[in-house]
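Below is one structure, written out as structure tokens; comments come after it.
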Amino acid sequence: MSKHDHGFATRSIHAGQEFDPTTGAIIPPIYQTSTFVQDGVGGLRGGYEYSRSANPTRTALETQLAALEGAKHGFSFASGLAAEDALIRTALRPGDHIVIGNDVYGGTYRLINRVHGAWGIEHTVVDLGDLEAVEAAIIPGRTKLLWVETPSNPLMKISDIAALAALAHRHEVLSVVDNTFASPALQQPLSLGADIVVHSTTKYLGGHSDVLGGAIIMNDDELAEQLGFVQFAAGAVSAPLDAWLTTRGIKTLAVRMRQHSANAQAIAEFLDGHAAVERVYYPGLESHPGHELAARQMSGFGGMLSLALVGGPAAATRLVEKTKLFALAESLGGVESLIGLPAQMTHASVKGTELAVPENVVRLSVGIEDVADLIADLDRALAKVLKASAKH
């Protein structure tokens, strides 16, 4: 059987994780080394010479990453944005163009708009749910990437990966899917026609809020060779310990994502219709406009949800400052629950643009704690929000 013939949970645990042949250690060792002794000039053992070019611990993770998405090539970077930066510099040149959705992560927009914009890369922002608008935004000969994020951050928009990939291919454009929110446990973009998958492995893949990382995953041999050169030449690789921590996290991804999804569904249903809540953004709710599409292209609805507060920005601020179990912090995807105010935190970089997040929106990264405790925490905090709003 090939490494992709096993089930997802099996691949998560075993891909790239052969036991140590010297000692029999079931967990491969961390190769915490910068360089490797050569058997004579050019006599490399296993192809390893210097840890920027390759390291066995990173190789193990990259094998695991590729297996998760059913792909041929996986690359592990120091952060999600480092991965995105390397991809853009590999696939585009000054004068080229990217089409992006109007609800992308603020850091991705900042990278494309301010860093690569200064380098001569142009972009157009569109509603990815409007295929005609997406097609109209493509500039023949100049558009090189169609950047898709689904579910999106933080408004949980669902984009049709298969339809967008097919549209991109008609125009000889590469389709890129940021699969961070869903994780490969719930969504497989390459199987739906996408060309490239990107991840912030800091989030669900690592899963324990203790490591930074990013990944690029693809099947294209030529593009993979080019990306590998950029990774080596620019050097934004994951360190051995970071790679090992990410690998450790991935081994429980399947079971964690089931619990994240179950908890988020219960919380979304609790919040839906609450007196303090104007709207809940969660694709697991039948009222969500992308519910049917999400049910088709995802095997679960994930652990992320957002809510708009009735009392506006003041109410949103009160809520994020009143919870106890939901910790006020950026990032997402860990086993512990987090709460944040995107307009002031993760998406501050898109203020004043067409990507600006409503200031009354609160984002929840629902952890795997007992869901009754999480609901009680939100219930108490929302009661305080309602009480404060009544005074005003």
Worked check of side-chain contact (heavy atoms from CB on, under 4.5 Å) between Trp147 and Ile88
CA-CA 11 Å; Trp147 201 283; Ile88 292 169; 4.1 Å; yes
Is [Y] reachable from [X] through a run of I, L, V, M, F, W or Y residues, each pair having side-chain heavy atoms under 4.5 Å apart?
X      : Y      : result
Tyr204 : Val366 : no
Val385 : Val361 : no
Leu87  : Val99  : no
Ile217 : Met257 : yes
Ile161 : Met218 : no

Hey, is [atom1] on [X] packed in by over 12 heavy atoms from elsewhere, all under 6.0 Å?
X      : atom1 : answer
Arg170 : CZ    : yes
Gln38  : CD    : yes
Glu225 : CD    : no
Lys144 : NZ    : yes
Glu172 : CD    : no

Which atom names give the shortest non-hydrogen contact between [X] and [Y], and what distance separates them?
X      : Y      : value
Ala264 : Leu305 : O-CD2, 3.5 Å
Arg93  : Ile121 : O-CD1, 3.1 Å
Ser261 : Gly302 : OG-N, 3.1 Å
Gly107 : Leu81  : O-CD2, 3.6 Å
Ala54  : Phe36  : O-CE1, 3.8 Å
Ala182 : Gln187 : CB-CB, 3.6 Å

Compare all side-chain heavy atoms of [X] with those of [Y] and state whether any distance is below 4.5 angstrom.
X      : Y      : answer
Ile250 : Leu61  : yes
Ser76  : Leu65  : yes
His288 : Met156 : yes
Pro140 : His171 : no
Arg89  : His116 : yes
Ser12  : Leu68  : yes
Arg114 : Leu111 : no

Given Arg58, Gln64, Glu62, the one that forms side chain to side chain donor-acceptor pair (under 3.5 Å) with Thr247:
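Going through the options one by one, the only one that passes is Gln64.
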Lys157 and side chain to side chain donor-acceptor pair (under 3.5 Å): which single residue from Asp103, Asp127, Asn102 fits?
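Among Asp103, Asp127, Asn102, the one that satisfies the side chain to side chain donor-acceptor pair (under 3.5 Å) with Lys157 is Asn102.
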Verdict with supporting geometry, Thr33 and Tyr48, side chain to side chain donor-acceptor pair (under 3.5 Å):
CA-CA 11 Å; Thr33 184; Tyr48 296 103; over 6 Å; no
With a 3.5 Å cut-off and no angle check, do the side chains of Thr108 and Glu149 form a donor-acceptor pair?
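Note: Thr108 and Glu149 side chains miss the donor-acceptor criterion.
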Ser200-Tyr105 side chain donor-acceptor pair, cut-off 3.5 Å:
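No - no donor-acceptor pair under 3.5 Å links their side chains.
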Report yes or no: does [X] contribute a side-chain atom to a donor-acceptor pair with the main-chain N or O of [Y] at less than 3.5 Å?
X      : Y      : answer
Thr246 : Leu205 : no
Arg363 : Gly340 : no
Asp272 : Val280 : no
Thr57  : Tyr31  : yes
Ser365 : Leu338 : no
Arg11  : Ala67  : yes
His73  : Ala71  : no
Thr143 : Ile138 : no
Arg142 : Gly95  : yes
Thr35  : Glu49  : yes

Yes or no on side-chain contact (heavy atoms from CB on, under 4.5 Å) for Glu69 and Asn179, after CA distance, side-chain angles and deciding distance?
CA-CA 10 Å; Glu69 296 280 4; Asn179 202 27; 3.0 Å; yes
Determine, step by step, whether Thr150 and Gln297 satisfy the side-chain contact (heavy atoms from CB on, under 4.5 Å) criterion, reporting the C-alpha distance in whole Å, the side-chain angles of both residues, the deciding distance to 0.1 Å, and the verdict.
CA-CA 10 Å; Thr150 182; Gln297 69 183 21; 3.8 Å; yes
Whether Phe75 and Phe77 hold their rings parallel, tilted or perpendicular, with breakpoints at 30° and 60°:
tilted
Set out, in order, the CA-CA distance, both residues' side-chain angles and the distance that settles ring-ring contact (aromatic ring centres under 6.0 Å, His included) for Tyr109 and His347, then state yes or no.
CA-CA 9 Å; Tyr109 180 76; His347 288 66; over 10 Å; no
Between His169 and Asp195, does a side-chain contact (heavy atoms from CB on, under 4.5 Å) hold up when you go through it step by step?
CA-CA 9 Å; His169 294 158; Asp195 297 299; 2.9 Å; yes
